[in-house]
Amino acid sequence: QVRLVESGGGLVQAGGSLRLSCAASGRAFSSYTMGWFRQAPGKEREFVGGLIWSGDSTRYADSVKGRFTISRDNAKNTVSLQMNSLKPEDTAVYYCAAARLPIVTTTTGGYNYWGQGTQVTVSS
């Protein structure tokens, strides 16, 4: 069992930056693939980025590539999402997720555990 708690959301102007963090509790965190998803009002939850247990392999949605960076610290049981050059269309609730599979999947069904989400609002 893994419990995930996100933090770091807030209101930021377009072009600004935010850093989201996800703290995990439970055993074997370092073995899980970690992902970030987001869900805007009236839209489906979509993949943002993810990385495998070692951090060696990452994957990003095209919409955030070059602007967002995901990283993890297995010693501290945390995963972070650095978001730069934010746009109004990045506004959403952001979720941290953990998967037992040793690959980064882009579908929600590939993840076993979810956080409660943190709101990110980008004003124009």
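Heavy atoms only: backbone and side chains are in, while hydrogens, waters and symmetry mates are out.
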Can you name the closest pair of heavy atoms from Val2 and Leu4 and give their distance?
CG1-CD2, 3.5 Å

What's the verdict on side chain to side chain contact (heavy atoms under 4.5 Å, CB included) for Val79 and Leu51, showing C-alpha distance, side-chain angles and the deciding distance?
CA-CA 9 Å; Val79 61; Leu51 74 174; 4.0 Å; yes

Could you state the interatomic distance from OG1 (Thr121) to CG (Leu18), rounded to the nearest 0.5 Å?
9.5 Å

Establish, yes or no, whether the cationic atom of Arg3 lies under 6.0 Å from the six-membered ring centre of Trp114 and within 45° of the ring axis.
no

Would you say Thr69's side chain and Gln82's backbone share a donor-acceptor pair under 3.5 angstrom?
no

Are the side chains of Val104 and Thr58 in contact, using a 4.5 Å heavy-atom criterion?
no

Any carboxylate oxygen within less than 4.0 angstrom of a Lys/Arg side-chain nitrogen, looking at Asp62 and Lys65?
yes

Answer yes or no: is there a side-chain heavy-atom contact under 4.5 Å between Met34 and Trp53?
no

Heavy-atom distance under 4.5 Å between the side chains of Arg38 and Arg45, does that happen here?
no

Quick check: closest heavy atoms across Asp90 and Arg67, and the distance to 0.1 Å?
OD2-NH1, 2.8 Å

Closest non-hydrogen atoms of Ser80 and Ser21, given as atom of the first, atom of the second and distance, are OG-OG, 3.9 Å

Rounded to the nearest 0.5 Å, what's the gap from CG on Asn77 to SG on Cys22? Could you check?
10.0 Å

Establish whether Val64 and Tyr111 are linked, either directly or via other cluster members, by ILVMFWY side-chain heavy-atom contacts under 4.5 Å.
no

Look only at the side chain of Thr118 and the backbone of Gly9, and say whether a donor-acceptor pair between them is shorter than 3.5 Å.
yes

Would you say the side chains of Arg72 and Tyr32 form a donor-acceptor pair under 3.5 Å?
no

Do Trp36 and Glu6 come close enough that some side-chain heavy atom pair is under 4.5 Å?
yes

Rounded to the nearest 0.5 angstrom, the CD-NZ distance for Glu89 and Lys43 is 8.5 Å

Would you say Phe37 ends up clustered with Val93 if hydrophobic residues are merged whenever their side chains have heavy atoms under 4.5 Å apart, either directly or through other cluster members?
yes

On a heavy-atom basis, the closest approach of Phe29 and Asp73 is CE2-O, 4.2 Å

Interatomic distance, Ser123 atom OG to Leu11 atom CG [nearest 0.5 angstrom]:
5.0 Å

Does a side-chain heavy-atom distance below 4.5 Å link Val120 with Met83?
yes

Beyond-backbone contact of Thr107 with Phe47, side-chain heavy atoms, under 4.5 angstrom
no

Do the non-hydrogen side-chain atoms of Val48 and Leu81 ever get within less than 4.5 Å of each other?
yes

Identify whether Tyr94 and Tyr113 are in the same connected component of the hydrophobic contact network (ILVMFWY, side-chain heavy atoms under 4.5 Å).
yes

Pairwise distance CD1(Ile103) to CZ(Arg59) - rounded to 0.5 angstrom
8.5 Å

Minimum heavy-atom distance Gln119-Ala92, with the two atoms named
NE2-O, 3.4 Å

Decide yes or no for Gln13 and Val122: does some side-chain heavy atom of the first lie under 4.5 Å from some side-chain heavy atom of the second?
no

SG/Cys96 to CD1/Ile70 distance, rounded to the nearest 0.5 angstrom?
7.5 Å

